[in-house]
Amino acid sequence: MENILKITIDNKEYTLKFSFSFLRKLGDMWGCKGPVEVQKKFSENTALFVQQTQNIDPDNIPDDATIDVPFRFVEMFTDVMQAAAATNDKEQCLDVDEAAAWMFNNLPEVQKIITLFVQAMPVVKETPPDAGKKIAATT
């Protein structure tokens, strides 16, 4: 299953692709050594945004609603959008200011991006403790 989201910013369509390659791009951008560090940085910066938006109905946002998130979240999230766009197509260049403005006007899509980021994380399947051990035959 491909983790892809198409978004439109200023009448230009971008395809955001969330995969292991996407995580590597973010790791390079953020100086992280592996996907766990990438996830940690993402989670730390996303927590406040999720907390502030969890009770907002994305289909009925009041005109006076304010979402006060730190600049580091906006910077981190635009990095995520840029890396996802570049993972799909190296020629796609997503403007930081346009991406930031889009983010604040598209809360449901932001929530989808958060979900797709989480789904891109590699999952290690747990093996039973006995796996790989030879069992002695009994007679």
Side-chain angles (χ1 to χ4, degrees):
M1 176 181 153
E2 293 228 16
N3 292 330
I4 291 179
L5 178 67
K6 293 184 185 238
I7 63 170
T8 303
I9 299 176
D10 289 340
N11 297 319
K12 183 172 181 187
E13 187 173 278
Y14 296 92
T15 300
L16 308 182
K17 184 176 181 181
F18 300 85
S19 63
F20 189 76
S21 296
F22 153 76
L23 294 171
R24 287 192 67 163
K25 282 187 190 317
L26 277 179
D28 290 344
M29 291 170 79
W30 295 344
C32 298
K33 295 177 184 170
V36 173
E37 282 186 44
V38 171
Q39 181 183 27
K40 183 178 178 187
K41 178 172 179 152
F42 181 81
S43 297
E44 289 170 352
N45 285 296
T46 306
L48 181 61
F49 177 81
V50 170
Q51 180 184 27
Q52 289 190 5
T53 60
Q54 68 186 353
N55 294 324
I56 295 176
D57 177 3
D59 297 323
N60 191 20
I61 300 173
D63 291 336
D64 62 346
T66 47
I67 301 170
D68 186 22
V69 295
F71 287 125
R72 65 186 160 98
F73 170 79
V74 177
E75 291 168 0
M76 181 271 313
F77 203 81
T78 56
D79 285 349
V80 167
M81 293 175 67
Q82 287 179 319
T87 299
N88 182 66
D89 179 355
K90 292 178 184 169
E91 301 300 315
Q92 285 192 94
C93 184
L94 191 58
D95 180 78
V96 173
D97 292 329
E98 290 174 353
W102 177 90
M103 181 187 77
F104 284 107
N105 291 306
N106 293 279
L107 290 182
E109 299 298 303
V110 170
Q111 292 168 345
K112 285 181 190 174
I113 289 173
I114 292 170
T115 299
L116 289 169
F117 176 95
V118 171
Q119 291 173 350
M121 288 299 298
V123 177
V124 177
K125 293 185 179 180
E126 192 173 319
T127 53
D130 297 3
K133 291 184 181 178
K134 292 183 179 179
I135 300 174
T138 57
T139 57

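The residues of the chain are indexed from 1 along the displayed sequence.
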4.5 Å side-chain heavy-atom contact, [X] and [Y]:
X	Y	value
W30	M76	yes
F18	V80	yes
F77	I114	yes

Checklist entry - Are V38 and V36 joined in one hydrophobic group, where the rule is that I, L, V, M, F, W and Y side chains link up if heavy atoms are under 4.5 Å apart? => result no
Checklist entry - With hydrophobic residues grouped by side-chain heavy-atom distances under 4.5 Å, do V96 and M29 end up in a single group? => result no
Considering all heavy atoms of both residues, which atom of [X] and which atom of [Y] are nearest to each other, and what is their separation?
X	Y	value
P35	L23	CB-CD1, 4.4 Å
T78	A100	CG2-N, 3.8 Å
I9	A99	CD1-CA, 4.2 Å
F73	N45	CD1-O, 2.9 Å

How far does [atom1] of [X] sit from [atom2] of [Y], to the nearest 0.5 angstrom?
X	Y	atom1	atom2	value
E37	Q39	CD	CD	11.5 Å
Q111	L116	CD	CG	12.0 Å
M81	I7	CE	CD1	3.5 Å
K12	D95	NZ	CG	10.0 Å
Q82	K25	CD	NZ	12.0 Å
K112	L5	NZ	CG	6.5 Å

Item to check | Ring geometry between F22 and F117 (parallel below 30°, tilted from 30 to 60°, perpendicular above 60°) | outcome: perpendicular
Item to check | Q92 (side chain) donor-acceptor with T15 (main chain) under 3.5 angstrom | outcome: yes
Item to check | E13 atom CD: more than 12 heavy-atom contacts under 6.0 Å | outcome: yes
